[in-house]
Engineer: 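Structure in structure tokens, see below.
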Amino acid sequence: MVDQSEKTIAIEPVRADAGTGAAVERPNRPFPPRGEPVITGINGIGLWSLYLKEVRRFLKVQTQTVWAPAVTTLLFLVIFSVALGRSGREVLGVPFASFVAPGLIVMGMMQNAFANSSFSFLSGKIQGTIIDLLMPPLSNGELMAGIVGAAITRAMMVGCAVSLAMAFYPGVDLSVEHGWAVIWFGLMGAVMLALGGLLASIWAEKFDHNAAVTNFVVAPLSLLSGTFYVIDNLAPAFQAISRFNPFFYVISGFRYGFLGESDIGDGSTAVVQAAAGLGVFNLVLAIVAYRVLQSGWKIKQ
């Protein structure tokens, strides 16, 4: 008798030979080597699911993530226009309120893009739920694209909310002179801070670390980037320092889209060069973020 405890051996299915009708065994097909991807191409469903998950996360608390930044930015406009915009003061040929409004809009967009992308990994690392991002069949590029895409979406929503609030403020004119500049510099600013927030969340080990980046890097660079002034009013040394600040080109280029004037340089050529430079800078930043994410540094430990 055959021992009942003996394990049953799986037999490879057979097929009939077309010429002789004899049974021919199907060639053995082993599993691919460990670590070799089985799903190839772009996992569109997974990428879309991650994007929706991130968008729904901040929309659940949209009072805090979308509308509160609009109120805060409007308060900046009220305070600075009252304090510095008296007696019909004009900057770049427009009233001070119209000058400062575009800079405040894009500044709010960038800060919220950073806040959104920096929260995803960091909250997962602290709460122990980061495995929910690492286990699904998503490549590093898809993971980065989903998080950055959701951060850009939040930045655009905040930008629209801030613009809507400022449109009702007396003395503010948000007429668009160059639509391409508004779209490009707004998008590049959101992408830059979304990638920066992703890198910050990978590096940070607790919320204090992330807050330190926000308070000592993002806030100073955005407030000292020409949001409330033109850099021509600064000493030559500080003008040179300001031109090394990428926030300056985002804010001045975005303002150029509304006013048709900027302090980047004379004419539209300097603005176009700044737009191309921001594109290259974001490309390099994206490559760095991808490499860090691929290495698993401070994530897969």
Side-chain angles (χ1 to χ4, degrees), residues 66 69-70 73-74 76-77 80-81 85 89-114 148 151-196 218 221-233 239 242-243 245-283 285:
V66 177
T73 308
L74 185 62
F76 271 111
L77 176 64
F80 280 92
S81 61
R89 180 183 178 184
E90 293 187 352
V91 183
L92 294 180
V94 297
F96 181 78
S98 297
F99 165 81
V100 77
L104 288 174
I105 293 172
V106 73
M107 184 178 71
M109 292 172 60
M110 291 190 294
Q111 290 179 344
N112 282 273
F114 179 89
V148 171
I152 295 173
T153 302
R154 176 176 169 181
M156 297 304 171
M157 289 184 177
V158 170
C160 292
V162 174
S163 300
L164 180 63
M166 290 186 175
F168 294 98
Y169 188 79
V172 174
D173 183 13
L174 293 179
S175 301
V176 177
E177 294 289 336
H178 303 282
W180 72 267
V182 174
I183 296 173
W184 178 257
F185 284 99
L187 179 62
M188 289 297 100
V191 170
M192 180 175 65
L193 269 294
L195 292 171
V218 176
L221 288 178
S222 58
L223 292 174
L224 299 177
S225 58
T227 305
F228 306 102
Y229 55 86
V230 291
I231 64 170
D232 294 340
N233 296 332
Q239 290 186 31
S242 296
R243 293 190 179 277
N245 183 1
F247 287 61
F248 162 72
Y249 297 99
V250 174
I251 291 175
S252 295
F254 191 80
R255 180 184 291 130
Y256 172 81
F258 286 94
L259 307 181
E261 299 287 341
S262 74
D263 51 349
I264 296 177
D266 295 332
S268 60
T269 303
V271 178
V272 173
Q273 292 174 348
L278 279 174
V280 174
F281 180 79
N282 279 339
L283 179 61
L285 193 60

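All residue numbers refer to positions in the sequence shown, counting from 1.
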Engineer: For E177 and L259, work out which heavy atoms get closest and say how close.
Structural biologist: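 Looks like CG-C, 3.8 Å.
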Engineer: Below 3.5 Å, can you tabulate the donor-acceptor pairs from side chains in residues 93-103 to any protein atom, sequence neighbours excluded?
Structural biologist:
from: S98; atom 1: OG; to: G171; atom 2: O; distance (Å): 3.1
from: S98; atom 1: OG; to: D173; atom 2: N; distance (Å): 3.0

Engineer: Can you check whether L283 reaches V280 side chain to side chain, under 4.5 Å on heavy atoms?
Structural biologist: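 Of all side-chain heavy-atom pairs linking V280 with L283, none is under 4.5 Å.
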Engineer: Flag the pair W180 / V272 as yes when at least one side-chain heavy-atom distance between them is below 4.5 Å, and no otherwise.
Structural biologist: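 They are in contact (side-chain heavy atoms under 4.5 Å apart), so the answer is yes.
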Engineer: For D232 and Q239, work out which heavy atoms get closest and say how close.
Structural biologist: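 In this case the closest contact between D232 and Q239 is O-NE2, 3.4 Å.
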Engineer: Taking side-chain hydrogen bond (donor to acceptor under 3.5 Å, both in side chains) as the test, write out the residues that go with N282, two or more places apart.
Structural biologist: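 By the side-chain hydrogen bond (donor to acceptor under 3.5 Å, both in side chains) rule, N282 matches no residue at all.
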Engineer: For the residue pair I251 and M110, establish whether any side-chain heavy-atom pair is separated by less than 4.5 Å.
Structural biologist: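 In contact.
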Engineer: Check whether any side-chain heavy atom of I231 lies under 4.5 Å from a side-chain heavy atom of R243, and answer yes or no.
Structural biologist: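 Yes, close enough: below the 4.5 Å cut-off.
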Engineer: Using side-chain contact (heavy atoms from CB on, under 4.5 Å) as the criterion, list what pairs up with A270, not counting sequence neighbours.
Structural biologist: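 In terms of side-chain contact (heavy atoms from CB on, under 4.5 Å), with neighbours along the sequence ignored, A270 is linked to I264.
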Engineer: Shortest non-hydrogen contact from S163 to I105?
Structural biologist: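 The answer is OG-CD1, 3.4 Å.
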Engineer: Can you tell me how the ring of F76 sits relative to the ring of F228, calling it parallel under 30°, perpendicular over 60° and tilted otherwise?
Structural biologist: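 The rings of F76 and F228 sit tilted, inter-plane angle from 30° to 60°.
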Engineer: So which heavy atom on L104 is nearest to which on M166, and how close?
Structural biologist: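 Shortest heavy-atom separation between L104 and M166 comes out as CB-CE, 3.5 Å.
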Engineer: With sequence neighbours left out, what residues match N233 under side-chain hydrogen bond (donor to acceptor under 3.5 Å, both in side chains)?
Structural biologist: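 Testing N233 for side-chain hydrogen bond (donor to acceptor under 3.5 Å, both in side chains), a comparison that skips the adjacent residues, returns none.
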Engineer: Can you list every side chain to side chain donor-acceptor pair (under 3.5 Å) pair that touches residues 100-114, not counting sequence neighbours?
Structural biologist: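 Passing the test, one end in residues 100-114: Q111-S222, N112-R154.
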Engineer: My understanding is that only residues two or more places apart in sequence, or in another chain, count here; which of them pass side-chain hydrogen bond (donor to acceptor under 3.5 Å, both in side chains) with T153?
Structural biologist: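 side-chain hydrogen bond (donor to acceptor under 3.5 Å, both in side chains) list for T153, sorted by chain: Y51.
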Engineer: We want to know whether S225 and N245 form a side-chain donor-acceptor pair, criterion being a heavy-atom distance below 3.5 angstrom.
Structural biologist: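 The answer is no; no qualifying pair exists.
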Engineer: Angle between ring planes, Y256 versus H178, binned at 30° and 60°: parallel, tilted or perpendicular?
Structural biologist: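 The rings of Y256 and H178 lie parallel, inter-plane angle below 30°.
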Engineer: Would you say the side chain of R255 lies within less than 4.5 Å of the side chain of L92, judging by non-hydrogen atoms?
Structural biologist: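 Yes, side chains in contact.
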Engineer: Do F247 and L193 have side-chain heavy atoms sitting under 4.5 Å apart?
Structural biologist: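 F247 vs L193: side chains touch.
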